[in-house]
Participant: 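My questions all concern the structure below.
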Amino acid sequence: MLRLVAQGAENADIARELKYSEHTIKRILKDLLSRHNLQNRAHAVAYALRIGAI
């Protein structure tokens with residue numbers, strides 16, 4: 001999912017690509033940001049790059 005976020009995909013695009021609902025994508029991103037104390041999508045991408053997840 002973060003690879004798609006890094007490519008600039010919107011939630012609807014991510015949902016379509018991963019075959020989830022847009023609501024599920026929003027919830028996953030919100031939980032990810034909260035769990036790792038990240039501020040926004042860009043911060044999440046930077047974090048993922050730093051830890052080697054993408």
Side-chain angles (χ1 to χ4, degrees):
M1 177 187 303
L2 285 173
R3 178 183 52 81
L4 294 169
V5 172
Q7 292 173 350
E10 299 291 330
N11 289 345
D13 301 324
I14 296 168
R16 213 173 6 265
E17 176 79 19
L18 299 180
K19 296 178 177 43
Y20 286 107
S21 73
E22 190 172 347
H23 175 76
T24 299
I25 298 301
K26 287 179 185 179
R27 192 185 78 239
I28 291 170
L29 283 172
K30 180 181 176 214
D31 290 347
L32 177 76
L33 294 176
S34 176
R35 185 177 319 121
H36 295 286
N37 201 24
L38 303 169
Q39 298 171 359
N40 53 40
R41 293 165 76 102
H43 196 192
V45 170
Y47 175 76
L49 287 168
R50 189 170 55 251
I51 66 167
I54 58 173

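Model, not experiment: these values are computed from the prediction.
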Participant: Does Leu29 belong to the same Ile/Leu/Val/Met/Phe/Trp/Tyr cluster as Tyr20, with side-chain heavy atoms less than 4.5 Å apart forming each link?
Facilitator: yes
Participant: Is there a continuous path of hydrophobic side-chain contacts, each under 4.5 Å between heavy atoms, that joins Leu33 to Leu49?
Facilitator: no
Participant: Do the side chains of Ile14 and Ile54 join up, straight or via other hydrophobic residues, at under 4.5 Å, putting them in one cluster?
Facilitator: yes
Participant: Using a 4.5 Å cut-off on heavy atoms from C-beta on, say whether the side chain of Leu18 contacts that of Thr24.
Facilitator: no
Participant: How about Glu22: does its CD atom have over 12 heavy atoms from other parts shown lying under 6.0 Å from it?
Facilitator: yes
Participant: Looking at CZ of Arg3 and CD of Glu17, how far apart are the two atoms once the value is rounded to the nearest 0.5 Å?
Facilitator: 6.5 Å
Participant: Run Asn11 and Arg41 through side-chain contact (heavy atoms from CB on, under 4.5 Å) and show every step you take.
Facilitator: CA-CA 11 Å; Asn11 289 345; Arg41 293 165 76 102; 2.7 Å; yes
Participant: For residues Ile28 and Val45: do they belong to one hydrophobic cluster (side chain heavy atoms under 4.5 Å, members Ile, Leu, Val, Met, Phe, Trp, Tyr)?
Facilitator: yes
Participant: Please walk me through it: do Leu4 and Asp13 pass side-chain contact (heavy atoms from CB on, under 4.5 Å)?
Facilitator: CA-CA 9 Å; Leu4 294 169; Asp13 301 324; over 6 Å; no
Participant: Return the minimal non-hydrogen interatomic distance between Leu2 and Ala48, and the atom names on each side.
Facilitator: CD1-CB, 3.6 Å
Participant: Tell me if the CG atom of Asn37 is crowded by more than 12 foreign heavy atoms within 6.0 Å.
Facilitator: no
